Asks: 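Submitted below is the structure of interest, expressed as structure tokens.
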Amino acid sequence: MSYNKAMKRVWRWLKNHKWWVVGVLMMLIVGGGYGYYRQSQSEKPPVTVTPQIKDLTQTLQVSGLIDASQSATLSFPAAAKLTWVGVKEGDWVKQWQGVAAVDVSTLQKQMAVDQNLHGKEFRAFEQTLEDNDYYGSSGLNPSERRTVESAQLDLKNTALAAEIRDIAIKNAYLTSPIAGIVTRVDRPVANLYILPTDQVVIVDPQTIYFRVIIDEEDVSLVKPGQAVMISLDAYPETEIEGQVIQIAFAPSTTESGSLGYAIKISLPVNNEALLYRLGMNGDANIVLAQKSQVLTVPLDSLISRDELTYVEIYTNGNINQKEVKTGIEGETEVEILAGLTGTEAVVVPESE
């Protein structure tokens, strides 16, 4: 067979099997490229950092909201007709200022009846004393003494009934025990019947604080007096410096349903303009510890294994693990107490 005939047969075969040939070529190209990539990656040195000397602050970040330490929830002890409402939501009130009243006409008439009964019982008591010669020199026998004591108890009961009615009349007029702003009025219109569940709520805006609930495992880290940096969602550009005031003794339920402990954090702000309102959400960074000029490495360079901590050190093309002892943790760095001199090339994960 001549050379020309052989070449023609080869080209004819390639033409009839062109897609198969293209597939084989693509596989060879991709395979070769991947092999080259793997080889280049294996030869590429890891990303490393040198330990740094810097100031470090360990914080506990928690979310919370604004609350107030002085508030008053007022309500009437029994259902009655509302005759007067002296406040509305948003009003400022002074201490002991009246806010609402209910109809007392029936109570006043009942009070008059109670006083009449007391007067009648007093006369009956005097007659009992006279009938039993209470002031006589011979004294009372046991039967007479029991009669007098029974009459005396009846007299006391009528006096108590009148006093109870007087208390009910006084309770028909609500006054605020604190100065503050009215935040809730369930029955703002008079001439309606009000129930014991209907309320008037008054809050002193000058007693606001930031309230957070921390998990049970973190409560031992928090102590009164620790500094706190607060950032409210309503004012994200403003950072407020507060401090831990109080740690609750009784547990509360967190948003996730687990148990935690409420922390009261001061809000040293002037709230006369009511810029800070109840329920405003935000974050608090509680400063747990601070150290100056300590040796640090990135947190993501740490490796934990068998309750020990290691970092990877890159030296002369090799990577070796070295045990370290750590101290306080910042947001991105951790203090190294032992194990590093500060000149090592510490391996860190590559950024994606």
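The structure displayed is predicted, hence computed values, not measured ones.
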Asks: Measuring from atom NZ of Lys81 to atom CG of Asn191, what distance do you get when rounded to the nearest 0.5 angstrom?
Replies: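 Nearest 0.5 Å value for the NZ-CG distance: 5.0 Å.
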Asks: Measure the CD1-CD1 distance between Ile66 and Ile265 for me, rounded to the nearest 0.5 Å.
Replies: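 Rounded to the nearest 0.5 Å, the CD1-CD1 separation comes out at 11.5 Å.
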Asks: Would you say Tyr209 ends up clustered with Leu65 if hydrophobic residues are merged whenever their side chains have heavy atoms under 4.5 Å apart, either directly or through other cluster members?
Replies: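 Hydrophobic grouping puts Leu65 apart from Tyr209.
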Asks: Supply the atom-to-atom distance Gln293 CD to Ile53 CD1, rounded to the nearest 0.5 angstrom.
Replies: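 So the gap between those two atoms works out to 7.0 Å.
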Asks: How far apart are the C-alpha atoms of Leu299 and Thr332, what are their side-chain angles, what is the distance that settles it, and do they pass the side chain to side chain contact (heavy atoms under 4.5 Å, CB included) test?
Replies: CA-CA 6 Å; Leu299 270 169; Thr332 57; 5.6 Å; no
Asks: Evaluate the side-chain proximity of Thr296 to Ile336: yes if any heavy-atom separation is below 4.5 Å, no if none is.
Replies: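 Ile336 does not reach Thr296 side chain to side chain.
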Asks: So do Asn171 and Phe76 actually touch side chain to side chain, heavy atoms under 4.5 Å?
Replies: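 A side-chain contact is absent here, since even the closest heavy-atom pair is not under 4.5 Å.
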Asks: Side-chain contact test, heavy atoms from C-beta onward, threshold under 4.5 Å: evaluate it for Thr343 versus Thr50 and give yes or no.
Replies: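 No, too far: nothing below the 4.5 Å cut-off.
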Asks: Kindly give the heavy-atom pair with the smallest separation between Ala79 and Leu195, and that separation in Å.
Replies: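 Closest approach of Ala79 to Leu195, heavy atoms only: CB-CD2, 4.0 Å.
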Asks: Quick check: do Ile240 and Tyr235 have side-chain heavy atoms less than 4.5 Å from each other?
Replies: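 Not in contact.
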Asks: What's the shortest heavy-atom distance between Asp198 and Ser75, and which atoms?
Replies: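 Shortest heavy-atom separation between Asp198 and Ser75 comes out as O-CB, 3.3 Å.
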Asks: Are Val297 and Val49 side-chain neighbours, meaning at least one heavy-atom pair lies under 4.5 Å?
Replies: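 No, their side chains stay 4.5 Å or more apart.
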Asks: Of the non-hydrogen atoms in Ser176 and Ile178, which two are nearest, and what is the gap between them?
Replies: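 It is OG-O, 2.5 Å.
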Asks: Closest heavy-atom contact between Gly282 and Asp233?
Replies: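 Closest heavy-atom pair between Gly282 and Asp233: CA-OD1, 3.9 Å.
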Asks: Does atom CD (Gln95) have a neighbourhood of more than 12 heavy atoms from anything else shown, all under 6.0 Å?
Replies: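 Yes, the 6.0 Å shell around CD holds more than 12 heavy atoms from other groups.
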Asks: Which heavy atom of Val212 sits nearest to which heavy atom of Gly64, and what is that distance?
Replies: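 Nearest pair, atom of Val212 first, then Gly64: CG1-CA, 3.8 Å.
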Asks: Side chains of Thr253 and Leu259, heavy atoms from C-beta outward: is any pair under 4.5 Å?
Replies: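 They are in side-chain contact.
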Asks: Can you see whether Ser143 engages Asn141 through a side-chain donor-acceptor pair at a distance of less than 3.5 angstrom?
Replies: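 Not at all, the side chains of Ser143 and Asn141 share no donor-acceptor pair under 3.5 Å.
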Asks: Do Leu107 and Arg165 pass the side chain to side chain contact (heavy atoms under 4.5 Å, CB included) test, and can you show the C-alpha distance, the side-chain angles, and the key distance before you say yes or no?
Replies: CA-CA 7 Å; Leu107 291 174; Arg165 201 76 67 184; 4.2 Å; yes
Asks: For atom CD of Gln243, is the number of surrounding heavy atoms from other residues, nucleotides or ligands below 6.0 Å larger than 12?
Replies: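 Buried by this count: over 12 neighbours within 6.0 Å.
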Asks: Which heavy-atom pair separates Tyr314 from Pro45 by the least distance, and what is that distance?
Replies: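 Here Tyr314 and Pro45 meet closest at OH-CB, 3.8 Å.
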Asks: Quick check for you: to the nearest 0.5 Å, what is the distance between Ile286 atom CD1 and Asp218 atom CG?
Replies: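 It is 9.0 Å, given to the nearest 0.5 Å.
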Asks: Let me see the working for Ser252 and Arg211 under side chain to side chain contact (heavy atoms under 4.5 Å, CB included), right down to the final yes or no.
Replies: CA-CA 12 Å; Ser252 302; Arg211 182 178 184 270; 3.9 Å; yes
Asks: Supply the atom-to-atom distance Lys322 NZ to Leu340 CG, rounded to the nearest 0.5 angstrom.
Replies: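 If we round to the nearest 0.5 Å, Lys322:NZ and Leu340:CG are 6.0 Å apart.
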Asks: Measuring from Leu82:CG to Asp186:CG, what's the distance to the nearest 0.5 Å?
Replies: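 One gets 11.0 Å once the value is rounded to the nearest 0.5 Å.
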